[in-house]
Amino acid sequence: MIATKIPNGPIQEKWTQYKATSKLINPANRRKYKVIVVGTGLAGSSCAASLSELGFQVDVFTFHESPRRAHSVAAQGGINAAKDYKNDGDSIWRMFYDTVKGGDFRSREANVYRMAECSLALIDQAVAQGVPFAREYSGYLSNRSFGGVQVSRTFYARGQTGQQLLQGAYQALIRQSAVGNVSLHTRYEMMDLVVVENKAKGIVARNLDTGEISIQEADAVVLATGGYGKIYYLSTLAMNCNASAIWRAHKRGAHFAAPSWTQFHPTSLPQMGDYQSKLTLMSESLRNDGRIWVPKKEHDPRAPKDIPEEERDYYLERKYPSYGNLAPRDISSRAAKEQIDSNHGVGPMKNAVYLDFKDAIARDGKAAIEKRYGNLFDMYKKITGMNAYEQPMLISPAAHFSMGGLWVDYELMSNVQGLFVLGEANFADHGANRLGANSLLQACVDGYFISTHTIMNYLAGETPNVKIDQAIVSNLKKETENRLAKLLAIKGNKTAEEFHKELGILLYTKCGLIREKPILLEAKSQILALQKSFYKDLLVPEGQQINFELEKAARVEDYLELALLIVEDALQREESCGAHFRKEYQTTEGEAKRNDEEYQYVSVWESIEKNVFKLHKEQLEFEYIKVSERSYK
């Protein structure tokens, strides 16, 4: 049975009641407990700094040379909070409702309400840390709107919100490191999870400079290692982003939830050639002022300035008049793909749509648009050579955010006791689709406000500093050494990068924005064949010390197994919901058709053995929000 540990009582009081009744540890005794935090993005850095401030010993591990290199810097557009500064009707309840609806009624009510509730204090904390949020002329913090909502609740620092928030968390982390409360380990990668009697007791870590493998012991482990969207190869994620930490934990017993719920962001720069290994995200905030359109004529060769208004299809405004260009990401991405697939695509590869600021510049002036988005326009020009003030941007959907991840209960703890999972690494809060500007919010709330209470509650029942049996330590080190030696010994003729690229194309075309049973079955057999080829044809150069190819090979090995689970999850969910769109299950108007009678649950997968998984179900109960057809028209 899946135990969510949701507190009793009204939803408005659940978190307050939990904090009031959770167990505490005397400040003098906290220093006896050690917590390992893996990952230094917003969730990891904020959690590590907060636990250290409370007096716990904290060991932090990152494969970057600096915590500031974490991918949270790439989140541009903003962070949500139900402050109602615009006096436009926002509230905790409305934010709660928007998020559950935006996730297509496939998220846990109690977790979502808590995120909305904690959003208020988070903005105050970020301001106190010095985060330079945009302000009105009066000095009040400014807000803008994001997709899937009809209020302005997004706080932002131009197009650098993630970077500025991470600077605040980084400063808090480094302060604790300087006074000796945090031990920071850079250039270390987690290779495995140490589990003793179903309790997380540490990690197997590899020094990426020397190749040394060590066992790092702790009383609890926090994984804050981000999402797995890079499995699609061409994605908005940084090149080093991967799924290995959560996948290794999954193979040690931690359940994996909703792996097929991967979001495709509607405003990425399109692929320009086969040489590319990454796509660039353009902030969703641009959709506040940019209008999205394609030529009505198929294969239209004309430049955008030569296409008159009456020959332009502003398809989001046409199909979703209530939300227009701010329709949610899953809907906007599928709508763009439909236009591209029906020969209305634009750009050199005809794989994009236009995001046009002509009307906004005419209305507000170039200076106003430059003030709001100047750094994004500069980035666009640097990458493409095109001036978005004078011609429309080219945008296209791209793999972006993982709603799926390790399963966690209300305390953000996995089914493995003492293993806490924060931010994008867990499945919580977003359901089948994430609303824009909720990712930074979840990461910060998990790290600053939730995990500090729940981790202490767990540790209060544990004896600190219990040493692991040396035989277990020796076996774990040997397993990792043998795994890497096996990859080095294959001596084939294809790099890990080539396998990754092939897997990404396979997933994007057969388990991407639109899915269909026969195609998913093809994908399953092809992934198995690719996995077989990987163990026969992989080429990794010799070297146990600095060896980027060995790092990549281990990550791609994990991707090949995760890809099978993604397809398996997509096959079993015979409905369309959020980012999971099955061609067989759609309305007459081409919208997602949910099946609430049979699929109102989160799929929770247990690893049985390699490539074999068992499905469990967390049934979702909606006590406070009425489940309805999700409409943005």
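- A distance of 8.0 Å separates OG1 of Thr384 from CE of Met393, quoted to the nearest 0.5 Å.
- Using modelled atom types and a 3.5 Å distance limit, the side chains of Asp330 and Gln263 yield no donor-acceptor pair.
- Electrostatic pairing of Glu390 and Lys381 does not count as a salt bridge here, judged by no charged N lying under 4.0 Å from a carboxylate O.
- Remark: Tyr632 engages Tyr323 in a ring pair (Phe, Tyr, Trp, His ring centres under 6.0 Å) (not counting sequence neighbours).
- Put simply, the side chain of Lys297 does not reach to within 4.5 Å of the side chain of Glu311, judged on heavy atoms.
- Here the side chain of His344 pairs a donor or acceptor atom with the backbone of Pro295 at under 3.5 angstrom.
- Other residues, nucleotides and ligands contribute at most 12 non-hydrogen atoms within 6.0 Å of the NZ atom of Lys305.
- The local environment of NZ in Lys593 is sparse, with at most 12 non-hydrogen atoms from other residues, nucleotides or ligands closer than 6.0 Å.
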| field | side-chain contact (heavy atoms from CB on, under 4.5 Å) between Ile361 and Asp289, intermediate numbers included | value | CA-CA 9 Å; Ile361 291 172; Asp289 289 296; over 6 Å; no

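- Of all heavy-atom pairs between Cys511 and Ile566, the closest is SG-CG2, 3.9 Å.
- One distance of note links CZ of Phe155 with CD1 of Ile123; it measures 5.0 Å at 0.5 Å rounding.
- Between Tyr508 and Phe264, the ring center distance clears the sub-6.0 Å criterion.
- Relative ring orientation between Tyr599 and Tyr601 is described as tilted, the plane-to-plane angle lying within the 30° to 60° band.
- Under the 3.5 Å distance criterion, the side-chain polar atoms of Glu502 are left unmatched by any main-chain donor or acceptor of Leu530.
- Ring-plane geometry between Phe357 and Tyr373 is classed as tilted, the angle between the planes lying from 30 to 60 degrees on a 0 to 90 degree scale.
- Taking both residues in full, the closest heavy atoms of Glu591 and Phe581 are given as C-CE1, 3.8 Å, listed atom of the first, atom of the second, then distance.
- Side-chain atoms of Lys278 come within 3.5 Å of backbone N or O of Thr236 as a donor-acceptor pair.
- For the residue pair Ser152 and Asn143, no side-chain donor N or O sits within less than 3.5 Å of a side-chain acceptor on the partner.
- In this structure the side chain of Glu338 reaches within 4.5 angstrom of the side chain of Lys319, judged on heavy atoms.
- Thr225 contributes atom OG1, which lies 7.5 Å from atom CG of Asn242 (distance to the nearest 0.5 angstrom).
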| message | Between Leu394 and Tyr354, is the side-chain contact (heavy atoms from CB on, under 4.5 Å) condition met? List the steps. | response | CA-CA 5 Å; Leu394 296 173; Tyr354 289 128; 3.6 Å; yes

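- Between Lys552 and Glu497, at least one side-chain nitrogen of the basic residue sits less than 4.0 Å from a carboxylate oxygen of the acidic one, meeting the salt-bridge criterion.
- The backbone N or O of Cys241 sits nowhere less than 3.5 Å from a side-chain atom of His71 that would complete a donor-acceptor pair.
- Without hydrogens or angle criteria, Lys86 side chain to Arg153 main chain gives no donor-acceptor distance under 3.5 Å.
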| field | Worked check of side-chain contact (heavy atoms from CB on, under 4.5 Å) between Glu575 and Glu598 | value | CA-CA 9 Å; Glu575 65 162 355; Glu598 296 182 69; over 6 Å; no

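- A salt bridge links Lys510 with Glu522; the closest basic N to acidic carboxylate O contact falls under 4.0 Å.
- Around atom CD of Glu584, more than 12 heavy atoms belonging to other residues, nucleotides or ligands sit under 6.0 Å away.
- Partner of Asn80 under the side chain to side chain donor-acceptor pair (under 3.5 Å) criterion, out of Asp90, Asp98, Asn438: Asn438 alone.
- In plain terms, the two heavy atoms of Asp104 and Ser576 that are nearest each other are OD2-O, 4.5 Å.
- Qualifying side-chain hydrogen bond (donor to acceptor under 3.5 Å, both in side chains) partners for Asp596, counting only residues two or more places apart in sequence or in other chains: Arg106, Arg594.
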| request: List the steps, then state whether side-chain hydrogen bond (donor to acceptor under 3.5 Å, both in side chains) holds for Asn240 with Arg555. | output: CA-CA 9 Å; Asn240 265 346; Arg555 295 168 187 172; 3.2 Å; yes

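- The pair Lys83-Asp124 meets the salt-bridge criterion, with a side-chain N (NZ, NE, NH1 or NH2) lying under 4.0 Å from an Asp/Glu carboxylate O.
- Ring-centre distance between His430 and Phe401: below the 6.0 Å cut-off.
- The distance from the OG1 atom of Thr267 to the CD atom of Gln76 is 8.0 Å, given to the nearest 0.5 Å.
- Remark: Arg372 engages Asp364 in a salt bridge, criterion side-chain N to carboxylate O under 4.0 Å.
- For Gln572, the CD atom counts as densely surrounded, since its 6.0 Å shell holds more than 12 non-hydrogen atoms of other residues, nucleotides or ligands.
- A donor-acceptor pair is defined here as one N or O able to donate and one able to accept, closer than 3.5 Å; no such pair exists between the side chain of Gln442 and the backbone of Ser439.
- Atom OG of Ser142 and atom OH of Tyr85 lie 11.5 Å apart (nearest 0.5 Å).
- Looking at Thr161 and Gln164, their side chains never bring a donor and an acceptor atom within 3.5 Å of each other.
- Taking OG from Ser119 and CZ from Arg114, the interatomic distance works out to 13.0 Å, rounded to the nearest 0.5 Å.
- Between the Gln339 side chain and the Val294 main chain, no donor and acceptor come within less than 3.5 Å of each other.
- Atom CD of Gln619 is surrounded by more than 12 heavy atoms from other residues, nucleotides or ligands within 6.0 Å.
- Between the side chain of Arg144 and the main chain of Gly77, a donor-acceptor pair closer than 3.5 Å is present.
- Heavy-atom neighbours of Tyr275 OH from other residues, nucleotides or ligands within 6.0 Å: above the threshold of 12.
- Crowding of Glu136 atom CD: a count of heavy atoms from other residues, nucleotides or ligands under 6.0 Å exceeding 12.
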| task | Test salt bridge (charged side-chain N to carboxylate O under 4.0 Å, His left out) on Asp356 and Arg312 and set out the steps. | result | CA-CA 11 Å; Asp356 198 337; Arg312 300 180 178 192; 3.3 Å; yes

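- With hydrogens and angles ignored, the 3.5 Å screen pairs no side-chain donor or acceptor of Asn433 with any backbone N or O of Ala579.
- Partner of Tyr228 under the ring pair (Phe, Tyr, Trp, His ring centres under 6.0 Å) criterion, chosen from Tyr559, Tyr233, Trp261, Phe256: Phe256.
- Between Ile246 and Ala425, the closest heavy-atom pair is CG2-CB, 3.9 Å.
- Both tests do not hold together for Lys230 against Tyr232: distance to the six-membered ring centre under 6.0 Å, angle to the ring axis within 45°.
- Of all the heavy atoms in Leu237 and Gly229, the pair that sits closest is CD2-N, 3.9 Å.
- A donor-acceptor pair under 3.5 Å links the side-chain atoms of Arg94 to the main chain of Gly89, judged by distance alone.
- In Lys350, the NZ atom is crowded: over 12 heavy atoms of neighbouring residues, nucleotides or ligands sit closer than 6.0 Å.
- Listed here is the closest heavy atom pair of Arg287 and Asn325: NH1-O, 2.8 Å.
- The shortest side-chain heavy-atom distance between Arg573 and Ser260 does not fall under the 4.5 Å cut-off.
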